[in-house]
Amino acid sequence: MTVMYQDDLKTVLYTEAEIAARVAELGARISRDYEGKSIALVGVLNGAVVFLADLMRAITVPVHVDMVAISSYGSYSSTSGVARIMKDLDNSVESQHVLIVEDIVDTGLTLNYLVDYMRARNPASVKVAAMLSKPSQHRVKVQVDYLGFEVPDEFVVGYGLDFAQRYRNLPCIAVLKPEIYAGPDTPPTL
Ligand code: 5GP
């Protein structure tokens with residue numbers, strides 16, 4: 001089978017079918033946990049859009065969808081943890097059950113900031129769904145309530161995750177060949 005961007009990839013970690021099965025499981029768990037309630041899904045642009053699109057269709061309780069965009073100050077290669085909201089919520093989450101939908105938890109600093117930001121808006125609850133997590137890289141304690149997969153400390157792309165805006169449409173999750181990102185934009189994890 002030919003994989004899109006094949007020459008740029010070191011290894012495929014999770015295939016399209018494996019991702020679909022995992023997202024279905026997460027959706028079923030979320031639907032059980034929130035039975036009788038509705039959920040305010042808050043997706044984090046741009047990386048989480050693919051996961052969000054699949055996850056919301058695997059959830060059988062009513063959902064609202066909102067999106068935020070967040071950026072860290074400083075260069076990409078030194079995640080400082082000082083984040084700012086580039087695009088805020090369009091709707092109030094007061095008294096809502098917020099489920100933050102994130103692509104990948106690396107240091108955890110972005111998620112930490114976002115959880116605090118949501119909690120300050122008086123929701124009924126705040127939980128987190130993340131497609132991927134790199135446990136070896138966590139610098140702060142973050143609670144991911146619904147996790148897709150753990151990944152090693154390597155730079156991954158696909159299923160919404162980019163490098164320099166490329167590879168988001170790759171249907172699987174793969175490790176990028178180091179020579180692709182060698183240079184000034186070297187990712188933080190390596
Ligand atoms: P954190 O604040 O947890 O260090 O950073 C999380 C963000 O860093 C993610 O939302 C994602 O945008 C980016 N990131 C961290 N690791 C990777 C990776 O392996 N691949 C890609 N494409 N982005 C990553």
Side-chain angles (χ1 to χ4, degrees), residues 3-5 8-14 16 19 22-23 41-55 66-89 98-119 126-190:
V3 178
M4 202 192 295
Y5 304 117
D8 296 356
L9 307 178
K10 190 169 117 185
T11 37
V12 171
L13 295 177
Y14 297 103
E16 192 174 357
I19 296 168
R22 187 69 185 132
V23 171
L41 293 175
V42 176
V44 186
L45 292 168
N46 292 329
V49 291
V50 179
F51 178 40
L52 176 67
D54 285 346
L55 185 66
D66 210 332
M67 307 295 283
V68 293
I70 189 162
S71 94
S72 305
Y73 286 115
S75 72
Y76 183 56
S77 53
S78 63
T79 309
S80 61
V82 186
R84 81 188 150 119
I85 298 280
M86 306 295 287
K87 186 222 160 280
D88 207 342
L89 293 166
V98 171
L99 181 58
I100 297 170
V101 181
E102 177 63 297
D103 52 4
I104 182 165
V105 183
D106 185 12
T107 62
L109 294 167
T110 306
L111 194 56
N112 208 29
Y113 171 81
L114 212 48
V115 168
D116 286 349
Y117 187 85
M118 292 301 151
R119 284 208 179 115
V126 179
K127 283 192 181 185
V128 174
M131 187 62 212
L132 302 174
S133 175
K134 288 182 187 170
S136 64
Q137 287 297 105
H138 291 189
R139 279 205 255 155
V140 286
K141 196 172 162 350
V142 280
Q143 175 159 349
V144 178
D145 303 279
Y146 305 99
L147 176 65
F149 303 108
E150 289 189 349
V151 289
D153 182 19
E154 293 191 276
F155 195 76
V156 298
V157 293
Y159 199 65
L161 285 163
D162 75 314
F163 173 64
Q165 298 306 326
R166 297 188 74 210
Y167 312 105
R168 290 196 200 276
N169 62 334
L170 181 68
C172 61
I173 293 166
V175 176
L176 196 61
K177 280 186 183 164
E179 57 262 39
I180 303 293
Y181 54 71
D185 288 336
T186 300
T189 47
L190 298 162

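Count residues from 1 along the sequence. Counting convention: from 1, in listed order, for ligands and their atoms alike.
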Looking at ligand 1, would [X] count as a contact under a 4.0 Å heavy-atom criterion?
X      : value
His138 : no
Phe163 : no
Asp103 : yes
Gln137 : no
Gly47  : no
Glu102 : yes

Using 0.5 Å steps for rounding, measure from the OH atom of Tyr146 to the CG atom of Leu99.
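Reported to 0.5 Å precision, the distance equals 7.0 Å.
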
Does any N/O atom on Val156 come nearer than 3.5 Å to any N/O atom on ligand 1?
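Right, the criterion is met.
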
Does any N or O in the side chain of [X] come within less than 3.5 Å of the main-chain N or O of [Y], such that one atom is a donor and the other an acceptor?
X      : Y      : answer
Lys134 : Thr107 : no
Arg22  : Leu147 : yes
Asp66  : Val42  : no

Taking atom types as modelled, is there a side-chain donor on Tyr5 or Asn169 under 3.5 Å from an acceptor on the other?
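Distance-only check passes for Tyr5 and Asn169.
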
